[in-house]
Amino acid sequence: RIVTEPGLDLVVHVPPDPLPVLMDAAAMDDAVTNLLSNAWKYKRGDRARIELSVRRRGRKAVIGVVDDGIGIPRSERKRVFEMFYRAENYLTREVAGTGLGLALVRSIVRAHRGRIHVEGGPGGVGTSFQITLPLTRQPLGASPPAADVASTSSPLKAPSAP
């Protein structure tokens, strides 16, 4: 358990061995940090429980961010990845934002040949995001293929906290 802010219970589950994902580590860190930041911004009251997990599912790496915040209505979940879209909720009006964060997250995930999915949190409370990325057969630390110079082979690890 890591607590970095008063009222924040951040629980991190990562495998002991890193998962080999061909990625721009800084960009993916930005994407996951955005999800963690949103989970904190859209908390209920003064406390938040946020769970960050990394796991292997077949030939994919799955990054999960689950919170117990105000949630996203089912009718608006498909639209939250659109540029400048913000879910209509009296609670979201109190939080400043441009509606670009989740569009950026989706763009980063797609650039890594991945997918992002959102649903309600456990028991209908909060929100659950899952990023699915393909694992690479390339050993960690090996030079990336010439056609993929912009990417780096990086172990999937927990990003910095919000």
How long is the gap from CD1 on Ile70 to OG1 on Thr127, to the nearest 0.5 Å?
7.5 Å
Is the backbone of Leu22 close enough, under 3.5 Å, to the side chain of His112 for a donor and an acceptor to pair up by distance?
no
CD1-CG distance between Ile108 and Asp24, expressed to the nearest 0.5 angstrom
8.0 Å
Would you mind reporting whether Leu133 and Met28 have side-chain heavy atoms less than 4.5 Å apart?
yes
Taking the side chain as everything from C-beta on, heavy atoms only, tell me whether Phe129 gets closer than 4.5 Å to Leu102.
yes
Between CD of Gln130 and CZ of Arg115, what distance do you get to the nearest 0.5 Å?
13.0 Å
Among residues at least two apart in sequence or on other chains, which ones pass side-chain hydrogen bond (donor to acceptor under 3.5 Å, both in side chains) with Asp67?
none
Rounded to the nearest 0.5 Å, how far apart are CG of Leu35 and CD1 of Ile63?
9.0 Å
d(Asn38 CG, Thr33 OG1) to nearest 0.5 Å is 11.0 Å
Start with the C-alpha distance between His13 and Glu51, add both sets of side-chain angles, then the distance that settles side chain to side chain contact (heavy atoms under 4.5 Å, CB included), and finish with yes or no.
CA-CA 8 Å; His13 303 280; Glu51 201 167 316; 3.4 Å; yes
Looking only at heavy atoms, the pair that brings Trp40 and Ile50 closest together is N-CD1, 3.8 Å
Determine whether more than 12 heavy atoms belonging to other residues, nucleotides or ligands lie under 6.0 Å from atom CZ of Arg44.
yes
Would you compute the distance between atom OG of Ser128 and atom CG of Asp68 and round it to the nearest 0.5 angstrom?
12.5 Å
Do any N or O atoms from the side chain of Arg49 and from the backbone of Asp9 form a donor-acceptor pair under 3.5 angstrom?
no
I'd like to know whether Val32 forms a side chain to side chain contact (heavy atoms under 4.5 Å, CB included) with Ile131, so could you lay out the CA-CA distance, the side-chain angles of the two residues, the decisive distance to 0.1 Å, and finally the verdict.
CA-CA 9 Å; Val32 175; Ile131 295 173; 4.3 Å; yes
Kindly write out the residues that satisfy side-chain contact (heavy atoms from CB on, under 4.5 Å) with Ser107, not counting sequence neighbours, or none if the list is empty.
none
Worked check of side chain to side chain contact (heavy atoms under 4.5 Å, CB included) between Leu36 and Leu10
CA-CA 9 Å; Leu36 293 170; Leu10 178 61; 4.2 Å; yes
Mind checking side-chain contact (heavy atoms from CB on, under 4.5 Å) for Leu135 and listing every partner two or more places apart, or none if nothing turns up?
Leu19, Pro20, Val21, Arg56, Ala61
Passes side chain to side chain contact (heavy atoms under 4.5 Å, CB included), Lys43 versus Lys41? Steps please.
CA-CA 6 Å; Lys43 64 189 178 289; Lys41 284 194 309 190; over 6 Å; no
